[in-house]
Protein chains: 2
Amino acid sequence: MNLKQLAAHLGLSQTTVSRALNGYPEVSEETRKRVQQAADQHNYRPNTRAKALATGRAMAIGHVIPLSSRHEMMNPIFGDFISGAGESYSNAGYDMVLSLVADKEQSSAYHEMVAKRNVDGIVLHAPEMRDPRITLLQKIGLPFAVHGRATEITTPYSWLDVNNRSAFQRATDFLLDLGHRRICLVNGQENMDFAFRRRRGYEAALTARGVEIDPQLLFADEMTEVYGYETVRRTQRLDDPPTAYLVSSIIAAFGVRRAIEESELVMGRDISVITHDDDLSYLRNGADVPVFTATRSSVREAGRKLAQLLITQIETPGSPPLTELLEAELTVGRSTGPAPNRT
Amino acid sequence: MNLKQLAAHLGLSQTTVSRALNGYPEVSEETRKRVQQAADQHNYRPNTRAKALATGRAMAIGHVIPLSSRHEMMNPIFGDFISGAGESYSNAGYDMVLSLVADKEQSSAYHEMVAKRNVDGIVLHAPEMRDPRITLLQKIGLPFAVHGRATEITTPYSWLDVNNRSAFQRATDFLLDLGHRRICLVNGQENMDFAFRRRRGYEAALTARGVEIDPQLLFADEMTEVYGYETVRRTQRLDDPPTAYLVSSIIAAFGVRRAIEESELVMGRDISVITHDDDLSYLRNGADVPVFTATRSSVREAGRKLAQLLITQIETPGSPPLTELLEAELTVGRSTGPAPNRT
DNA sequence: CCAAATCACCAAAGCGCTTTGACTGATCAT
DNA sequence: ATGATCAGTCAAAGCGCTTTGGTGATTTGG
């Protein structure tokens, strides 16, 4: 059933039917009701493609996901972010189209999206510090919003980010307050902007207390379980091993915990751990009392908000870029305690 | 730059330009080259919406993801599956559109997709044993393919599945061969079809050896880390605790391992563990030697293949449903060993 | 040498929708 | 009574593409 048929069926013109369904005022209430009813009855839905062609709006938003292994780390996060964003989209009537592309085809993928005009806007994931994709999208002129930020790009654009610096600074402060001085940073890959900011926060806290930054305690890699495990094994063999670990992901934190327990030590007594917790739906940080002390910020919530932000931007053309900075909460669990007295 | 402009620029008709670009024979090689060049130079891409409207093909495939908590478990899997599917799509020139919908709106979501005509086919995730969505899609007549199967639906449809029954039967056999008799099944929610089949495999192996099935050792729930942990804690308090665990997901297996290590036991010596391993890119089963003995089947590969299967089906209309059954490999890691002698 | 076939191209219709501009009666102010 | 206003409706153009059904020009075959 299409518009034409529906109109014929009702003995009205396509114009009137279209206007009735789209809530234009120049249609009498009576006809509007009649049209609405017939539409419902025949389960009529306007053909998206025709509508898109006529209006110039695709009612869809694109996510370009890099396939490269370097970015693989965003995978665990991805599901939750997407489902948050999806909620906002479906509320606003947008579809979400995903493009998975190999790294080198990235820029052409963006060009293609804009040339093919099948999306009204784009969400950009996992930005690096000077991410060329941002400049590219600015040039192209398609609305976009970034999940995260790019430190070295100064021209304004829309983004939503967690305050990674402040979160890690507070976490480090928390450990310092407990008397820890040897704090190991188990960070994500530091070409990713968020990881860079986290390190800045960590360093700022140490510096503020006059604690020297020991490069031996600085790690940056893909945030896997094994990475967390290995890092603890390695650092505990140092002459002056760390008494605390600040971990960038709950997945790596699992590895950290495994290494601790394997060494017959007790987490929260012998060694303290704080992790960042993206509040993933399938990797909850314990039930009632959190297992880990954590800087928590729901990535699902971030998805929801970022999508909303992009939609607003799309629907109010000419508006200036929108930004939002979320603060992570520091929730205390059982993985932290006073630094043990070394004798 | 659109077709019309490009044609004008070249001094040709739209027809000729269109045909040249789409490889029709009735265009001289010379003009084709000229057109191709101009198109490249101006970075011309046909407008998807117009093309879709004209051809009736959307060049897009829909994934409807249920948002309900009951299905949350598919989240960790989801990212990998999608990225596999995405590879196939982008090779074949399809877009992927995701719809996240609340449970109760499921059926209307499918109707909407078909009425709005913005996809050429649908991938269905996480089927239950008698999944109403399958019957619905059969009725609607839109091409679709299922990741998994629905035991109780007999009319043919396209699917791709891992041989869950045989995988779990072999895994159970393996444990039985090692002398284990008390084997605990840490399964996923058994309204999901795959979980049901896994239990069947487990039961078949036990029955074949005349080992009694103890309901106290049968568990089914969302596959979280905590679930694995709790299950071990609980079962180790039994009078005759299990000496082996057969686990449905590597995430739950992490919890199992944690509980074992916390009890001062050694995995692989005191207690054996086999897990199903979806070969997730961010949760690798160890590096060289796998940590866990596992039934392994890459969910990413499944995504790739299922997408391919659906595309074939879409592009050869009238073809009978396609199906593919993947066998999981049983890889031996360090988490299994002979059953300890009870004295 | 002429009809038939082939080649290279084109004009125009159509996909299903929105939107512009025009057209009726009816209502209103003068 | 008369022109202006307005509510309700419609025909037709247009969005950017594909595809049908041509048309002349060239080649081919008898």
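Letters A, B, ... mirror the listed sequences (proteins, then strands); counts begin at 1.
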Requested in this report: Answer yes or no: is there an ion pair linking B/Arg300 with B/Glu87, defined by an N-O contact shorter than 4.0 Å?
Outcome: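 Yes.
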Query raised in the report: Given axes from five pairs at either end, by how many degrees does the helix from C/dC1-D/dG30 to C/dT30-D/dA1 bend, rounded to 10°?
Result: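 End-to-end axis angle for the helix from C/dC1-D/dG30 to C/dT30-D/dA1: 50°, rounded to 10°.
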Query raised in the report: Roughly how far, to the nearest 0.5 Å, is CZ of A/Arg149 from CZ of A/Phe194?
Result: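 Separation between the atoms: 13.0 Å.
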Report task. Starting at OG1 of A/Thr31, measure out to CG of A/Leu10 and round the result to the nearest 0.5 Å. Result ->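 Reported value, rounded in 0.5 Å steps: 10.0 Å.
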Would you say a side-chain N or O of [X] is under 4.0 Å from OP1 or OP2 of [N]?
X       : N      : answer
A/Thr16 : D/dC10 : yes
B/Ser18 : D/dT18 : yes
A/Thr31 : D/dT9  : yes
A/Tyr24 : D/dG8  : no

Between atom [atom1] in [X] and atom [atom2] in [N], what is the gap in whole Å?
X       : N      : atom1 : atom2 : result
A/Glu26 : C/dT19 : CD    : P     : 11 Å
A/Asn2  : C/dT18 : CG    : P     : 12 Å
A/Lys4  : C/dC15 : NZ    : P     : 6 Å
A/Gln14 : C/dC15 : CD    : P     : 11 Å
B/Glu30 : C/dC9  : CD    : C1'   : 13 Å
A/Leu21 : D/dT9  : CG    : P     : 13 Å
A/Leu3  : D/dG14 : CG    : P     : 19 Å
B/Arg34 : C/dA8  : CZ    : P     : 14 Å

Query raised in the report: For residues B/Ser13 and B/Thr16, is any side-chain donor paired with an opposing acceptor at under 3.5 Å?
Result: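 Yes.
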Query raised in the report: With distance as the sole criterion, is a donor-acceptor pair present between the side chains of A/Arg32 and A/Tyr24 under 3.5 Å?
Result: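 On atom types as modelled, these side chains do not qualify, holding no pair under 3.5 Å.
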Requested in this report: When you get a sec, tell me which of C/dA11, D/dT9, C/dC17 is the closest nucleotide to the side chain of A/Ser28?
Outcome: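 From the listed options, D/dT9 comes nearest.
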Query raised in the report: When you measure from the side chain of B/Asn22, which nucleotide among D/dT9, D/dT18, C/dC9 comes out closest?
Result: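 Minimum distance to the B/Asn22 side chain belongs to D/dT18.
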Query raised in the report: CD of A/Glu30: more than 12 outside heavy atoms within 6.0 angstrom?
Result: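 At most 12 heavy atoms, drawn from other residues, nucleotides or ligands, come within 6.0 Å of this atom.
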Query raised in the report: Should we count CD of A/Glu26 as having more than 12 external heavy atoms under 6.0 Å?
Result: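 More than 12 heavy atoms, drawn from other residues, nucleotides or ligands, come within 6.0 Å of this atom.
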Query raised in the report: Base, backbone or nothing for each nucleotide of nucleotides 20-28 of chain D, written B, S, -, heavy atoms under 4.0 angstrom, 5' to 3'?
Result: BB-------
Query raised in the report: Between B/His63 and B/Tyr89, is the ring centre distance below 6.0 Å?
Result: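 Yes, the ring of B/His63 comes within the 6.0 Å limit of the ring of B/Tyr89, centre to centre.
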**Report entry** CA sep, side-chain torsions, deciding dist, call: B/Val64, B/Met113, side-chain contact (heavy atoms from CB on, under 4.5 Å)
**Finding:** CA-CA 9 Å; B/Val64 178; B/Met113 275 217 167; 4.2 Å; yes
Query raised in the report: Listed in order of residue number, which residues of residues 44-61 of chain A have a non-hydrogen atom at under 4.0 Å from DNA chain D?
Result: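 The answer is A/Leu53, A/Ala54.
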Requested in this report: List the steps and the verdict of side-chain contact (heavy atoms from CB on, under 4.5 Å) for A/Arg19 and A/Thr15.
Outcome: CA-CA 6 Å; A/Arg19 306 211 118 137; A/Thr15 313; 4.2 Å; yes
Query raised in the report: Going through the checks in order, is the side-chain contact (heavy atoms from CB on, under 4.5 Å) test met by A/Ser158 and A/Leu309?
Result: CA-CA 8 Å; A/Ser158 293; A/Leu309 186 150; 3.8 Å; yes
Report task. Verify side-chain contact (heavy atoms from CB on, under 4.5 Å) between A/Trp159 and A/His147, making sure each step is shown before the conclusion. Result -> CA-CA 6 Å; A/Trp159 53 261; A/His147 180 208; over 6 Å; no
